[in-house]
Asker: 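The structure's right below; bear with me while I get my questions together.
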Amino acid sequence: MNTQKDAPHHFAKESAGTEKDPPVDETASAAFHDAAKRLAEIREYIGYYIAVQADAARLAVRNAIFYAALGILGLFAAAAAVVAAVVLFLIGIAQVIGAALGGRVWAGELIVGVVVLAALALGAKIASSSITGSSRRKTVQKYESLQRKQRTRFGQSVDDRAENP
């Protein structure tokens, strides 16, 4: 039993590689091939994910457009119902006035038409005055506040300077 002779031979065999271990070049090639295969798989999954997200976005947009169109249609239907109700109401008032004037329905329609137009014109005038007045008040308040700040910081405002150059 010559263990010392066998030992160096045994170590030499392990360092050179056994018949089971593939050469280093084959291992690197296999690893590179495996990495390329996995990279292709990841690329495919990313493409799949992007396609799913794009389809989900398209579906969301399509649903939003559908519900917006449905809402607009509902708004038109509601507006038409209100217009029809107002017209019927005004026709009824015109007929009542026409009957009170001895069956002259045309006179009742004329009176109601004039009153409605006058009411609309008056409402527009009031709304316009209110909006204009409110805007003017806010603007005046803004510049008065700026002048107060100028007086606080500089002892005078732009208005004071305009009066006493």
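Positions are given from 1, in the same order as the sequence printed here.
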Asker: Apply the hydrophobic cluster definition, ILVMFWY joined by side-chain contacts under 4.5 Å directly or through others, and give me every member besides I72.
Answerer: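 Members besides I72, by chain and number: F76.
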Asker: By side chain to side chain contact (heavy atoms under 4.5 Å, CB included), which residues pair with V83, not counting sequence neighbours?
Answerer: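 V83 satisfies side chain to side chain contact (heavy atoms under 4.5 Å, CB included) with V87 only.
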Asker: Check residues 147-157 and write down every donor-acceptor pair under 3.5 Å in which the side-chain atom is one partner and the other belongs to a residue at least two apart or another chain.
Answerer:
unit_1: Q150; atom_1: OE1; unit_2: V158; atom_2: N; d: 2.9
unit_1: R151; atom_1: NE; unit_2: D160; atom_2: OD2; d: 3.1
unit_1: R151; atom_1: NH2; unit_2: S157; atom_2: OG; d: 3.4
unit_1: T152; atom_1: OG1; unit_2: R148; atom_2: O; d: 2.9
unit_1: S157; atom_1: OG; unit_2: D159; atom_2: N; d: 3.3
unit_1: S157; atom_1: OG; unit_2: D160; atom_2: N; d: 3.3
unit_1: S157; atom_1: OG; unit_2: D160; atom_2: OD2; d: 3.4

Asker: For residues 35-43, dump all side-chain donor-acceptor pairs below 3.5 Å to protein atoms at least two apart in sequence or in another chain.
Answerer:
unit_1: R38; atom_1: NE; unit_2: D34; atom_2: OD2; d: 3.1
unit_1: E41; atom_1: OE2; unit_2: Y45; atom_2: OH; d: 2.7

Asker: V96: what forms a side chain to side chain contact (heavy atoms under 4.5 Å, CB included) with it, not counting sequence neighbours?
Answerer: none
Asker: Considering only Ile, Leu, Val, Met, Phe, Trp and Tyr, and joining two whenever side-chain heavy atoms are under 4.5 Å apart, list the other residues clustered with L90.
Answerer: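 Besides L90, the hydrophobic cluster comprises V82, V86, F89, I93, I97, L101, I111, V112, V115, V116, L120, listed by chain and residue number.
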Asker: Are there more than 12 heavy atoms of other residues, nucleotides or ligands under 6.0 Å from atom CD of Q53?
Answerer: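 Enclosed.
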Asker: Linking directly or through intermediates, with side-chain heavy atoms under 4.5 Å: list the remaining ILVMFWY members grouped with Y48, chain and number order.
Answerer: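 Joined to Y48, directly or through intermediates: V52.
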Asker: If the condition is side chain to side chain contact (heavy atoms under 4.5 Å, CB included), which residues does L73 pass it with, not counting sequence neighbours?
Answerer: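 For L73, no residue satisfies side chain to side chain contact (heavy atoms under 4.5 Å, CB included) once neighbours in sequence are set aside.
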Asker: When Ile, Leu, Val, Met, Phe, Trp and Tyr are grouped by side-chain heavy atoms lying under 4.5 Å apart, directly or through other members, which residues fall in the same group as L70?
Answerer: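 F66, Y67, listed by chain and number.
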Asker: Does any pair with a residue in residues 51-60 pass salt bridge (Lys or Arg N to Asp or Glu O under 4.0 Å), and if so which ones, sequence neighbours excluded?
Answerer: D55-R58
Asker: May I have the list of side-chain donor-acceptor pairs in residues 123-141 shorter than 3.5 Å, sequence neighbours left out?
Answerer:
unit_1: S129; atom_1: OG; unit_2: K125; atom_2: O; d: 3.0
unit_1: T132; atom_1: OG1; unit_2: S128; atom_2: O; d: 2.8
unit_1: T139; atom_1: OG1; unit_2: S135; atom_2: O; d: 2.9

